[in-house]
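This report refers to the structure that appears directly beneath it.
In this chain, numbering begins with 1 at the start of the sequence shown.
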Amino acid sequence: MTRLAQTAGLNDIQREILATVRDFVDKEIIPVATQLEHRDEYPTEIVEGLKELGLFGLMIPEEYGGLGESLLAYALCVEEIARGWMSVSGIINTHFIVAYMLKQHGTQEQKDTFLPRMALGEVRGAFSMSEPALGSDVSAISSKGVKDGDEYVLNGQKMWLTNGGTSTLVAVLARSDEGHPEGTAPHKSMTTFLVEKEPGFGEVRPGLTIPGKIDKMGYKGVDTTELIMDGLRIPANRVLGGTTGRGFYQMMDGVEVGRVNVAARGCGVAQRAFELGVSYAQQRHTFGKPIAQHQAIQFKLAEMATKVEAAHAMMVNAARKKDSGERNDLEAGMAKYLASEYCKEVVEDAFRIHGGYGFSKEYEIERLYREAPMLLIGEGTAEIQKMIIGRRLLEEYRFQG
């Protein structure tokens, strides 16, 4: 284990899990990640390996066949996986958010039906809020579910669905005006629907189409898609929690833990960029000595390592806050904001250390340079995080005049 990004206070089981995951990353992910990424190929063998390790059920309670671990343990595993290849951590994250939402908000029947199979990775989760005309403005969602007897009929188009093709269970946020009179605040007339489907592209069930993968600058391998609902019929017992109008709060709860996950991904990518930069700096010679012996490079390495350490500490703090049962939107927003910004900066510094070779696809840093920007927008942009942080600070430090 390296000196940077260590976490105090872990128990023996957590340390063993992390050591196992790091070993898996070093042996099974890093050697093939760049090759698979360049081909935009789904990492099937890696995912099967993660299923065998039990990571799809890491936070699912033991009574449902999971490991019953904390958000902290999960975030630290994500950090390790992202260090190997960020796309793999995305495959895990969307699954984890849906499982978390089921655990926290699902009916007993929904938990019994889905969580045991999710723990095994047999059911794979994805969730969907964004639409073509909106991203952060969730209140502007236009997709709608209309009650029809014992079913709901869903219509609308969703966007930026991670695991859209490979998932078999999608948590979809849509409007449901039933029981919510005209004039009801938008966030009080939204419902989360649990949509079961077949994996693949095209029409994956009557009324539901996954058009195909969106071609992206980075974050390749994982399938990012649209989702089109046209007369999609969903049984009423697939409303998350059994009651309409709670979808916004359920999704925000899921996104809150998702922000800790994105912070962890930023930490992992930044760690890998630092490892690549500090290694290359000791191998590359200029003016008769390794460039690591030049003061300018040492200053860069010092700044990079400090950012890695600071981001990791904030991510751990946010996870521990959530595990304690306390509200953590302030800490999660800070961690996500800082970790994603620092990740971008550390990756760019490692890229600069590599010089012209950093621009070559033969070098791993080129892949990281294309992956880091996704973290600046995933689970809410930097500007959204600042809004959350600012509002919470004004609540905590209200002027007493």
Side-chain angles (χ1 to χ4, degrees), residues 28-29 32-33 36-37 39-58 60 64-66 81 85-102 106 110-131 143 154 156-174 192-216 219-235 238 240 254 258 261:
E28 306 296 335
I29 298 182
V32 300
L36 291 174
E37 196 271 351
R39 297 202 302 255
D40 197 8
E41 182 177 328
Y42 188 81
T44 301
E45 292 185 10
I46 291 173
V47 170
E48 289 301 315
L50 293 176
K51 285 166 64 175
E52 291 181 13
L53 292 179
L55 289 193
F56 279 90
L58 189 61
I60 293 175
Y64 299 108
I81 293 168
W85 185 13
M86 192 180 72
S87 292
V88 178
S89 64
I91 292 169
I92 296 286
N93 182 44
T94 50
H95 175 88
F96 150 71
I97 290 178
V98 177
Y100 174 84
M101 290 169 61
L102 276 163
Q110 290 167 354
K111 294 177 186 178
D112 292 340
T113 298
F114 294 115
L115 288 181
R117 290 185 292 153
M118 293 187 81
L120 296 173
E122 293 175 356
V123 168
R124 303 267 289 284
F127 76 104
S128 180
M129 292 191 296
S130 296
E131 296 183 358
S143 296
L154 274 61
Q157 183 177 2
K158 310 299 280 187
M159 193 71 179
W160 306 119
L161 182 66
T162 302
N163 283 347
T166 49
S167 59
T168 55
L169 177 67
V170 185
V172 177
L173 186 64
T192 303
F193 294 93
L194 300 172
V195 178
E196 298 172 80
K197 70 176 189 67
E198 293 297 317
F201 300 99
E203 189 173 37
V204 292
R205 66 174 285 178
L208 180 63
T209 300
I210 306 294
K213 293 171 63 174
I214 297 171
D215 194 16
K216 310 182 295 288
Y219 198 42
K220 293 180 178 289
V222 59
D223 46 296
T224 305
T225 74
E226 298 176 68
L227 180 147
I228 300 172
M229 301 175 291
D230 184 10
L232 172 64
R233 305 188 77 87
I234 299 295
R238 289 300 174 257
L240 181 62
N261 174 284

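Listed by chain and residue number, Ile60 satisfy the side chain to side chain contact (heavy atoms under 4.5 Å, CB included) test with Ala119 (two or more places apart in sequence, or in another chain). Residues passing the side-chain hydrogen bond (donor to acceptor under 3.5 Å, both in side chains) test with Thr162, sequence neighbours excluded: none. Phe96 meets the ring-ring contact (aromatic ring centres under 6.0 Å, His included) test with Tyr74; sequence neighbours excluded. Scanning for side chain to side chain contact (heavy atoms under 4.5 Å, CB included) contacts around Pro43 gives Leu36, Ile46, Val47, Trp85, Val88, Ile91, with sequence neighbours left out. Pro199 is linked by a side chain to side chain contact (heavy atoms under 4.5 Å, CB included) to Thr168, counting only residues two or more places apart in sequence or in another chain. Residues satisfying the ring-ring contact (aromatic ring centres under 6.0 Å, His included) criterion with Phe127, sequence neighbours excluded, are absent altogether. By the salt bridge (Lys or Arg N to Asp or Glu O under 4.0 Å) test, Lys216 pairs with no residue at all, sequence neighbours left out. Partners of Glu196 by side-chain hydrogen bond (donor to acceptor under 3.5 Å, both in side chains), not counting sequence neighbours, listed by chain and number: Arg238. When the salt bridge (Lys or Arg N to Asp or Glu O under 4.0 Å) test is applied to Glu41, the partners found at least two apart in sequence or on another chain are Arg39. Gln157 is linked by a side chain to side chain contact (heavy atoms under 4.5 Å, CB included) to Pro132, Glu226, Ile228, counting only residues two or more places apart in sequence or in another chain.
In this structure, CG on Asp215 lies 10.5 Å from OG1 on Thr224, to the nearest 0.5 angstrom.
A side chain to side chain contact (heavy atoms under 4.5 Å, CB included) with Met129 is found for one member of Leu161, Leu173, Val172 and no other, namely Leu173. Leu208 pairs in a side chain to side chain contact (heavy atoms under 4.5 Å, CB included) with only one of the listed residues (Ile234, Leu154, Val195), which is Val195.
Pairs engaging residues 110-129 under the salt bridge (charged side-chain N to carboxylate O under 4.0 Å, His left out) rule: none recorded [sequence neighbours left out]. Pairs of residues two or more places apart, or lying in two chains, that qualify as salt bridge (charged side-chain N to carboxylate O under 4.0 Å, His left out) and include a residue from residues 205-214 are Asp40-Lys213.
Residues Gly106 and Gln110 approach most closely at CA-OE1, 3.4 Å, considering heavy atoms.
No side-chain donor from either of Glu37 and Ser87 sits under 3.5 Å from a side-chain acceptor of the other.
Side chains of Phe56 and Leu120 form no contact here, defined as non-hydrogen atoms less than 4.5 Å apart.
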